[in-house]
2 protein chains.
Amino acid sequence: MKPTDRKTEIINVAARLFKEKGYSAVTVRDIAQAMNIKAASLYNHIASKQEILVLIVITIAEEFTTVMEEVQQSEASAIAKIERIIQLHIDITLRNPDALACLNNDWMHLEQEADLKYFLKMRTDYEENFRQIVKVGVQNGEIQHRNPEVIIFSILSTLRTLYLWYNKTKSLSETTLRNDMRNVLLEGITVNAR
Amino acid sequence: MKPTDRKTEIINVAARLFKEKGYSAVTVRDIAQAMNIKAASLYNHIASKQEILVLIVITIAEEFTTVMEEVQQSEASAIAKIERIIQLHIDITLRNPDALACLNNDWMHLEQEADLKYFLKMRTDYEENFRQIVKVGVQNGEIQHRNPEVIIFSILSTLRTLYLWYNKTKSLSETTLRNDMRNVLLEGITVNAR
DNA sequence: TAATTTAACTAACAATTGTTAGTTTACGAT
DNA sequence: ATCGTAAACTAACAATTGTTAGTTAAATTA
């Protein structure tokens, strides 16, 4: 087994292009050109353009699912669980921002009904787990009484689109990102919260 | 002038389809079918598919720009300015979620360099205005000392993707959305901020 | 060395794409 | 009644799309 086999290279290159223009706007000739080969040569390694998308999206979605289930089954406080989820999103974003962009923007181009259903189930379950964490936190007094949807999607929206802006500024170290993100999401930005 | 002329109808239908599948994945035949006419008939009203995108994206972007400039020139506190921006995003999202989806996801498919540059300038200026508001707020003690990028994009990410989730739950009234969104974004979710 | 595998190539396909040309139909104003 | 316009239509186009077939060159294994 080579350090990175050819198929993995294709997937990484494709993910980068998908991030920039979206799945539908990227042609297999674009992907081939980015690898300095001809389009037909790609098919020695992949079955279809669609297969690339499936591998990118499902792999990352499963990663989120796995960790979320661990978190949910742990006995940490609600706030600690959310802190763990924040760090999970930062982890994956820093490691694979291109795949994350695909997950966010191109999942609806999964053509096989089974793939789409599988993905949507993972996403729904993920949000439902998050919802349960928030509700428990509200009940035991850790979290403010706000509409759970607003809490869930305020945090998730920020985390899901982190890949769009985290690397724009060099002044933002990984440590600062992790700490300030946690603080801003959990404690807000005003000086006198009460 | 009719209540809504035909061109406006096309743009609204197209925006809805673009929201669901993205600009590149929507064909002019898709748009025509959604209006119960043939693709060629569209060209009695529009110059090109691209023109539809330009009208959708630029119109909304200019709306954000106009209000942001008013806000920036006002003499409100930093927090009050941010509160106004939060309400602006909610306003536009409730009124035109489809166009907002295009703005977020399809701006990179603006084909004319002039259009793309114009849009990017508006977006950069918008973020820069937000950055200035935050920096002033930090200086005069209204806002916590956090990395400004984290503050700006935490809030903007949430507001920009509001169209994705605001209508999922019927349990979320407009009033609750506006109040809780403001509270969550500005004051966080924890009970003991200090 | 011979055999096999890997990974590239050229050429071509059928389908789909945005768009144009030219025509027809319905309707309000003169 | 006639004119003009708005808005639909059919038919067709050239370009681009994902993909396949068949071939070739280089590297690895026997």
Side-chain angles (χ1 to χ4, degrees), chain A residues 1-58 102 105-113 115-116, chain B residues 1-58 102 105-113 115-116:
Chain A
M1 183 166 54
K2 299 149 215 162
T4 70
D5 67 35
R6 206 77 173 117
K7 185 165 182 174
T8 308
E9 285 183 57
I10 292 172
I11 290 171
N12 289 337
V13 166
R16 177 165 50 83
L17 297 179
F18 292 166
K19 177 186 177 184
E20 284 161 15
K21 310 203 305 179
Y23 176 78
S24 298
V26 174
T27 71
V28 292
R29 284 168 180 81
D30 291 335
I31 300 171
Q33 191 171 36
M35 300 197 64
N36 293 311
I37 61 176
K38 301 291 175 179
S41 306
L42 291 172
Y43 289 83
N44 286 314
H45 309 281
I46 57 161
S48 64
K49 181 188 175 189
Q50 176 71 192
E51 188 202 13
I52 300 175
L53 180 67
V54 173
L55 288 173
I56 294 171
V57 170
I58 300 296
C102 287
N105 304 322
D106 291 320
W107 60 264
M108 72 286 287
H109 298 117
L110 292 171
E111 290 166 7
Q112 300 296 317
E113 196 187 326
D115 291 330
L116 186 60
Chain B
M1 184 166 54
K2 298 150 218 164
T4 71
D5 66 36
R6 206 72 174 124
K7 185 164 181 173
T8 307
E9 285 183 57
I10 292 173
I11 289 171
N12 289 337
V13 166
R16 177 166 49 82
L17 297 179
F18 292 166
K19 177 187 177 185
E20 284 162 16
K21 310 201 309 177
Y23 176 78
S24 299
V26 174
T27 71
V28 292
R29 284 169 180 82
D30 290 336
I31 300 170
Q33 190 171 36
M35 301 197 63
N36 292 312
I37 61 177
K38 300 292 175 177
S41 306
L42 291 172
Y43 289 83
N44 286 314
H45 310 281
I46 58 160
S48 64
K49 181 188 173 188
Q50 175 70 193
E51 189 204 13
I52 300 175
L53 180 68
V54 173
L55 288 173
I56 295 171
V57 170
I58 300 295
C102 288
N105 305 323
D106 290 322
W107 59 266
M108 72 287 286
H109 298 118
L110 292 172
E111 290 165 8
Q112 300 296 315
E113 196 188 325
D115 291 329
L116 186 60

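Letters A, B, ... mirror the listed sequences (proteins, then strands); counts begin at 1.
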- [ ] In whole angstrom, give the distance that lies between atom NZ of K38(B) and atom C1' of dA7(D).
- [x] 15 Å
Task: Per-nucleotide protein contact string for nucleotides 11-23 of chain D (B base, S sugar-phosphate only, - none; heavy atom under 4.0 Å) - done: BB----BBBBB--
Open item on the list: Testing the 3.5 Å rule here: is there a donor-acceptor pair between the side chains of N44(A) and S41(A)?
Closed with: no
TODO: Round to the nearest Å and state the distance from D5(A) atom CG to dA8(C) atom C1'.
DONE: 16 Å
Task: Euclidean distance, M35(A) CE relative to R6(A) CZ, rounded to 0.5 Å - done: 4.0 Å
- [ ] May I have the step-by-step check of side-chain contact (heavy atoms from CB on, under 4.5 Å) for I46(A) and V28(A), ending in yes or no?
- [x] CA-CA 11 Å; I46(A) 57 161; V28(A) 292; 5.7 Å; no
Task: Interatomic distance, M35(A) CE vs dC9(C) P [rounded to whole Å] - done: 11 Å
Open item on the list: From CD1 of I37(B) over to C1' of dA7(D), roughly how many Å is that when rounded to an integer?
Closed with: 8 Å
Task: Minimum-distance pair of heavy atoms, taken over all atoms of W107(B) and V57(B) - done: CB-CG1, 4.4 Å
TODO: Return the value, rounded to whole Å, for the distance between atom CD of Q33(A) and atom P of dA8(C).
DONE: 15 Å
Task: Side chain of S41(B) - closest among dC9(D), dA7(D), dA7(C) - done: dC9(D)
TODO: Look only at the side chain of Q50(A) and the backbone of H109(A), and say whether a donor-acceptor pair between them is shorter than 3.5 Å.
DONE: yes
Task: Spacing between H45(B) atom NE2 and dT5(D) atom C1', to the nearest angstrom - done: 12 Å
Open item on the list: Using 30° and 60° as the class boundaries, would you call the ring planes of F18(A) and Y23(A) parallel, tilted or perpendicular?
Closed with: perpendicular
